[in-house]
Amino acid sequence: MDTPWELDLERALVSQLAECRDLDLANDDGEKNEFTNDENRAAQHDELTALASIFGNDLSGPAAAGAKRTAFALEGGDEGEGIEGEGEGIDEGEKNAAGERLLRFDLEIDFRDTETPTRVFLERRNSEQPALNLPVGLASCLPTVRLSVIFPKTYPSKRAPVFALSASWVPRFALNAAATSLDEIWNASPGDAVVFSWVEYLRERAVSDIFTCAVDGERHVKLRARDGWRDDDASPVSQDASSQQVVRGVPRARSPDEALQVLLRTCAVNRVTRYARALHTCGVCFCDDISGTQMRRSDGRVCCFDIPTMKSQETASTSQNTDGESTQKTEEKYNDSTQQKKCTHAFCVECLSAMAKLHVAEGAVGALRCPEPKCGASLAPVTIKDVLCFGDDSGGASATATTHDASSSLSPGAALFERYEKLSLERGLASMADLVYCPRCDAAVLEDEGDHCGQCVQCQYAFCTLCREGWHPGTVCLSPSARMEVLEARARGGKAGQNQSEEARRKHREQVADAMALRYVEREGKRCPTCGAGVVKSEGCNKMLCVVCEHYFCYKCGEGVVGYEHFREGGRCSLFDVEAIAAWEREVNAGLVVAEARERDAHVMGLAVRETRCPACRQPNFKLGGNNHIGCWSCGQHYCHTCRVVIRRGGDTRAHYGA
């Protein structure tokens, strides 16, 4: 039967109280002891009040609430204000075997202030091989250790406090060793208040000497089954009748595996908590005072600090391999290739929300990527939903509505997320080369291989997947221009068109619009060689990016391209057309004419004119008079003539010139 660790803890305390009771009865001295007990009681109250003032919420137990009230009153506050519990003074609810009331409290020893990372090892044993210490994780902090204390009536004059140690990650062997060290501290200075010294020892020395160990400058925690855990058949009182040794270490974990889970969970929660309390800089708006609760990761995970690296990771082994390359370099190359696929960047929720809402509203769901330069990882759906619903009073709760009537009651963010899901589905289906839509009912249809025939499973309509007309085996599809002529002839049919229903006329208008779009693309544009989407260039170079499948292709010849090797000098395609170069030259020459006219006007007015070059494009500009703020006529950048630093308009200008 699984015994709760709280029961083992109480057994350890009660067994020590019984021993103290027997010794006190043997040395009972009447009135003298009664006077000494009153002094002990006063000293216990003073010590507990001091502990409550120092440790605050880390102090708990029956006597803790009264001690906190007293400490709060001594510090100048109203007694009992802000402190849980009723009554005045310290609650003496704990009793020994004789019915005497004793002070009972617990102290949580916190090690989270220690920033030294800890490497965790888990020992594995089997019948065939010796024990292996496997490194299973890295913890940036350690969980707490609880010190449970009961003051006997003869403390501090004769007896030490009755105590026990419990922890969720420390085995029984280490807890008992720490308890022995606490006994030595009491024996070194009997008669003094000792609890604070115990806490300092556990926090400063025991954590490095007993609970963990130092190996090559690192702090290690070794979880071994032989050190004793809660699943072991061990009682809080030793079975050796001759020694009657009390076991004062009570582990909460049933096994090393459970202790490992506690260590890693505590580390994760601590990193998340510290991140939420700290201030961070957004890589989009460059604000450096953003709370951690207002940051969002691109991969959808909770924002947290990374685990600090160990010294052994920084000075890895450099043994040579068979190719003459070091193992360290090989591992670095592997880490670089894997880290390129992993995105851990975080930005403020306002910037991500503005970006996501703009792209979803424009239908560019493929542009929902990490804003970090050279990253480009896709935003996780959970992040997209979070930032789209940011600012909604409903918090996105109405996003679960699925019916058409309920869609009108969605919040703006939830409606945008519904649009994102729809566009993502359409984009995914559009990437399938053999999937088309029925021209009658818009149902998804898989194309037959080889003959471009599709049959809708919903309305049973058979159609040509190229021209979306009825299936016409053995004949060539109509061109967009010919199809447009057929539709226009139908529209000129006169009375036949008047007898059509509204739905038929609507479909006819849609067919006309589709035919006009196809004819425009055929005359003025090109089709993407990957997905077949129509693209029309308005200006710029011939390297085009398809917004549907996000593949690059050459606008001149229609071939897919990677990089700019396709446009090298001497090739069949040029990066810029002659018309585009001429237009750019006209624009640049116009700017140069304006700059020269300003120079002439400055000479006429008698202003000092000095030539200066733009730090961005190296084109010559002119400094007129005492104005050091120059606007380049070529690239449009603004910069300072004195220090030649590019300056953005607005706040940067005022900050640079001290305005």
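We number each residue from 1, following the sequence as shown. Just so you know, these numbers come straight off a predicted model, no measurement behind them.
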Next item on the list: Let me see the working for Leu122 and Asp257 under side-chain contact (heavy atoms from CB on, under 4.5 Å), right down to the final yes or no.
Entry: CA-CA 8 Å; Leu122 185 64; Asp257 295 326; 3.3 Å; yes

Item checked: Where Cys441 and Cys459 come nearest, the two heavy atoms and their spacing -> SG-SG, 3.7 Å

Notebook entry, point to check: So, the side chain of Tyr461 versus the backbone of Gly470: is there a donor-acceptor pair under 3.5 Å, distance only?
Noted result: yes

Checklist line | His280 and Phe305 aromatic centres sub-6.0 Å | finding: yes

Notebook entry, point to check: Is any side-chain heavy atom of His345 closer than 4.5 Å to a side-chain heavy atom of Cys375?
Noted result: yes

Next item on the list: Measure up the Tyr555 and Phe553 rings against each other and bin them: parallel (under 30°), tilted (30 to 60°), perpendicular (over 60°).
Entry: tilted

Item checked: Spacing of CD belonging to Glu350 relative to CZ belonging to Arg296, to within rounding of 0.5 Å -> 10.5 Å

Item checked: Considering all heavy atoms, the nearest Asn270-Cys141 contact -> CB-SG, 3.4 Å

Next item on the list: Step through the shown structure and confirm whether more than 12 heavy atoms of other residues, nucleotides or ligands are within 6.0 Å of NZ on Lys556.
Entry: no

Next item on the list: Go through Lys537 and Asn542 one step at a time and tell me if the side-chain contact (heavy atoms from CB on, under 4.5 Å) criterion holds.
Entry: CA-CA 8 Å; Lys537 186 182 77 170; Asn542 289 321; 2.8 Å; yes

Check: At what distance, to the nearest 0.5 angstrom, does SG of Cys370 lie from CG of Asp299?
Finding: 9.0 Å

Checklist line | Beyond-backbone contact of Pro256 with Glu123, side-chain heavy atoms, under 4.5 angstrom | finding: no

Margin query: I need the minimum non-hydrogen distance between Ser168 and Val262, along with the two atoms involved.
Written below: OG-CG1, 3.1 Å

Item checked: Working for side-chain contact (heavy atoms from CB on, under 4.5 Å), residues Gln637 and Cys617 -> CA-CA 9 Å; Gln637 292 282 2; Cys617 67; over 6 Å; no

Checklist line | Nearest heavy-atom neighbours spanning Ala253 and Ala259 | finding: CB-N, 3.8 Å

Margin query: Restricting to non-hydrogen atoms, name the atom on Ser298 and the atom on Thr383 that form the minimum distance, rounded to 0.1 Å.
Written below: O-OG1, 3.7 Å

Note to self: If I take atom CG from residue Leu368 and atom CG from residue Leu388, how far apart are they, to the nearest 0.5 angstrom?
What the structure shows: 7.5 Å

Check: With a 4.5 Å heavy-atom cut-off, do Leu435 and Leu446 have their side chains touching?
Finding: yes

Check: Which heavy atom of Val536 sits nearest a heavy atom of Gly525, and at what distance?
Finding: CG2-CA, 3.9 Å

Note to self: With heavy-atom distances below 4.5 Å as the criterion, would you say the side chains of Thr266 and Trp169 are in contact?
What the structure shows: no

Note to self: Show me the pairs that pass side-chain hydrogen bond (donor to acceptor under 3.5 Å, both in side chains) and involve residues 526-535, at least two apart or across chains.
What the structure shows: none

Item checked: Backbone of Arg254 reached by a side-chain donor or acceptor of Glu258 within 3.5 Å -> yes

Item checked: His359 side chain near Val365 side chain, heavy-atom distance below 4.5 Å -> no

Note to self: When you measure from the side chain of Ser411 to the backbone of Ala414, do you find a donor-acceptor pair of N or O atoms at a distance under 3.5 Å?
What the structure shows: yes

Item checked: Side-chain heavy-atom pair Cys348, Gln294 within 4.5 angstrom cut-off -> no

Notebook entry, point to check: Leu423 and side-chain contact (heavy atoms from CB on, under 4.5 Å): which partner among Arg427, Glu426, Glu421?
Noted result: Glu426

Margin query: Quick check: do Leu352 and Pro371 have side-chain heavy atoms less than 4.5 Å from each other?
Written below: yes

Checklist line | Glu447 CD to Cys453 SG distance, which is reported to the nearest 0.5 Å | finding: 8.5 Å

Next item on the list: Mind running side-chain contact (heavy atoms from CB on, under 4.5 Å) on Cys285 and Phe347 for me, showing each step along the way?
Entry: CA-CA 9 Å; Cys285 62; Phe347 306 90; over 6 Å; no

Item checked: Atom pair NE2 (His566) and OH (Tyr552), whose distance is rounded to the nearest 0.5 Å -> 15.5 Å

Notebook entry, point to check: Could you give the distance from SG (Cys304) to CE (Met295), rounded to the nearest 0.5 Å?
Noted result: 12.5 Å

Next item on the list: Please check if atom CD in Gln460 has more than 12 non-hydrogen atoms from other residues, nucleotides or ligands closer than 6.0 Å.
Entry: yes

Margin query: Given Cys267, which partner from the list Pro117, Ser140, Pro143 fulfils the side-chain contact (heavy atoms from CB on, under 4.5 Å) test?
Written below: Ser140

Check: Side chains of Leu379 and Met355: does their closest heavy-atom pair fall under 4.5 Å?
Finding: yes

